Amino acid sequence: MTLLRTPLGPAALALLALALCAACGGEATEPSGASQESADNGLELAKLATYRALVLPKDSERAWEQIAWQISYEDGLRASSAEQKPLLLWVMNGHPLGCT
Amino acid sequence: MANHGHYGGGGGTRQGIYILTADGTFLASTNTLDADAVVKVMAQGLAAWADTTAAARKLPADWTLPRKRWETSCPTTGLVLRSFNADLGPEADRKRLNRDHAWFTAAEARGWLGTDPKVGDKHTVSQAIVERLARFHLVDNVRGQTLPFAPADVATSSITTTVTKRDGDTVSFEIDGATQGETDGTWTLGASDWTPSEKYPRAVTSKIVGHGRFDLASGRFTALEFVALGERTGRTNLNGRPKGDVGPARIGWVFELAPDRPAERVAPAFVDIYDADWIVDPR
């Protein structure tokens, strides 16, 4: 994974994160036309938000998602060259966005 | 470049975080999960950047890199889900979770609903969708890489959608279902990087609930999210479960539409053995 890093320091990084956060867009959380009745398997659609909260990481654990990561070395290098900023390259074995 | 980093130029891993210029000049590196340590390395990199030349900050004009990437098969006109999974229950280690993406072409994704959905219709979600989810995504990789299930291992799994609203081409629906993946560890998926050296008996069960909204005119989902809550039993060689943590224990998954940005086009963990002939192997 690659990250374009501004040469202006942490304050600039925070600004970058804010700008990207606004661009991320919302995600569906409310049932659309849902009856709110129990599913046949015993789980309740009305409790979907509660179920999600059991699994999802906290917002504080997802701050890194606000950065516009590129997922290929090539894309990162090209962006670094075009924007004249250093590149942060994150190299891990296993699934790159997972914990493996 | 990496040979100048924290692991030097010898054999072994090059995992870590590197700061570099566009021409590959090494600036700083580390391999740590400590955020404060990463910030220090970033500062070192920025300090070194100040001393680099303009030439070092540019890619050579004739530079190319072969585009051999799994994400070139990402079905951007189909359905791309992102998933999260975590251990549940009071004993769960909440610091560990995993995430993945599930890919479906537009034609495959149409299997969530019937041909002409009407309010009250119940539809058995296509076997292709159910199998893909149960085999490759409803697995225990919370703490590390695991193994997929074979089709026969998940044969009793089923998901149903119920249409709750139809407004022109917009169809709203609910999702419920149950999946079962169980194997005695016999590997039936042929030779691949995943082929285990020994048997790992294991099982994963889940119950599913969620909802979605589909636009018949564009063939696209405008909303889709569901959770799967269940139980895991057993372990695999690399999934991070010590022999004393083989369950049964609670586990859960969240699936939702992936936002449209590069990081959400990372290929599914099992992409190299996905049951999809439209995926182009870049190797």
Side-chain angles (χ1 to χ4, degrees), chain A residues 1 5 7-10 13 23-25 27-35 37-45 47-48 51-52 54-57 61 65 67-75 77-82 84-100, chain B residues 2 13-22 27 39 42 45-46 49-50 57-59 65 67 69 71 84-86 88 96-100 141 143-145 160 164-165 172 174 176-178 207-211 213 223-225 227 229 238 252-254 256-257 259 261-263 265-266 269:
Chain A
M1 300 183 63
R5 177 68 160 91
L8 300 180
L13 179 63
C24 287
E27 289 135 24
T29 55
E30 295 301 323
S32 46
S35 66
E37 294 175 350
S38 296
D40 291 343
N41 59 22
L43 297 182
E44 297 179 37
L45 185 57
K47 294 181 178 177
L48 188 61
Y51 300 147
R52 283 172 54 91
L54 293 172
V55 176
L56 293 175
E61 296 173 296
E65 294 180 35
I67 294 168
W69 295 98
Q70 299 291 330
I71 55 176
S72 81
Y73 190 40
E74 177 185 4
D75 291 340
L77 288 173
R78 292 195 184 284
S80 173
S81 181
Q84 291 292 284
K85 295 175 181 176
L87 186 72
L88 186 151
L89 173 66
W90 181 5
V91 183
M92 281 290 145
N93 289 350
H95 201 229
L97 288 179
C99 67
T100 55
Chain B
T13 184
R14 294 292 185 278
Q15 292 181 94
I17 290 171
Y18 298 84
I19 314 293
L20 63 146
T21 66
L27 301 177
V39 169
M42 292 168 75
L46 287 173
W49 167 264
R57 298 177 183 185
K58 280 191 173 183
L59 273 176
L65 192 66
R67 192 75 178 181
R69 305 282 304 180
E71 65 263 21
F84 300 84
N85 61 345
L88 306 180
R96 303 303 297 266
L97 62 91
N98 207 343
R99 48 197 300 156
D100 199 1
N141 58 0
R143 300 184 65 89
Q145 290 178 329
T160 301
T164 57
K165 186 179 179 183
S172 299
E174 296 177 0
D176 70 84
K207 294 182 177 180
I208 293 173
V209 67
H211 67 101
R213 189 171 56 243
L224 184 62
E225 63 175 346
V227 300
L229 304 178
L238 297 173
W253 298 260
V254 168
E256 60 190 17
L257 290 180
R261 54 188 184 224
R265 291 193 278 276
V266 171

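As the structure is a prediction and not an experimental result, all values here were calculated from the model. Quick note on labels: first sequence line is chain A, next is B, and so on, each numbered from 1.
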* Minimum-distance pair of heavy atoms, taken over all atoms of R57(B) and Q84(A) -> O-NE2, 2.9 Å

* Euclidean distance, R99(B) CZ relative to L56(A) CG, rounded to 0.5 Å -> 9.5 Å

* Over all atoms of both residues, closest heavy-atom pair of L46(B) and P86(A) -> CD2-CG, 3.8 Å

* Go through the atoms of R69(B) and report whether side chain, backbone, both or neither lie under 4.5 Å from a heavy atom of chain A. => side chain

* Asked: Looking at L88(B), T21(B), T160(B), which one has more heavy-atom pairs under 4.5 Å with chain A than the rest?
  -> L88(B)

* **S81(A) to L59(B) - nearest heavy-atom pair and separation** => OG-N, 3.0 Å

* Qualifying residues under side-chain contact (heavy atoms from CB on, under 4.5 Å), relative to E74(A), sequence neighbours excluded -> S72(A), R78(A), W63(B), L65(B), R67(B)

* Minimum heavy-atom separation for E44(A) to V209(B), with atom names? -> C-CG2, 4.2 Å

* Who wins among L229(B), T13(B), L27(B), L20(B) for the most heavy-atom pairs under 4.5 Å with chain A? -> L20(B)

* **Proximal component of I19(B), with respect to chain A [non-hydrogen, under 4.5 Å]** => both

* Asked: Partners of P262(B) by side-chain contact (heavy atoms from CB on, under 4.5 Å), sequence neighbours excluded?
  -> Q70(A), R265(B)

* To do: Taking the side chain as every heavy atom from C-beta outward, state whether L48(A) and V227(B) have any atom pair closer than 4.5 Å.
  => yes

* Structure fact -> Heavy-atom nearest pair, F84(B) first then E65(A), reads CE2-OE2, 4.5 Å

* To do: Enter the distance from K207(B):NZ to Y51(A):OH here, rounded to the nearest 0.5 Å.
  => 10.0 Å

* To do: Can you measure from CD1 (I208(B)) to CG (L43(A)) and round to the nearest 0.5 angstrom?
  => 9.0 Å

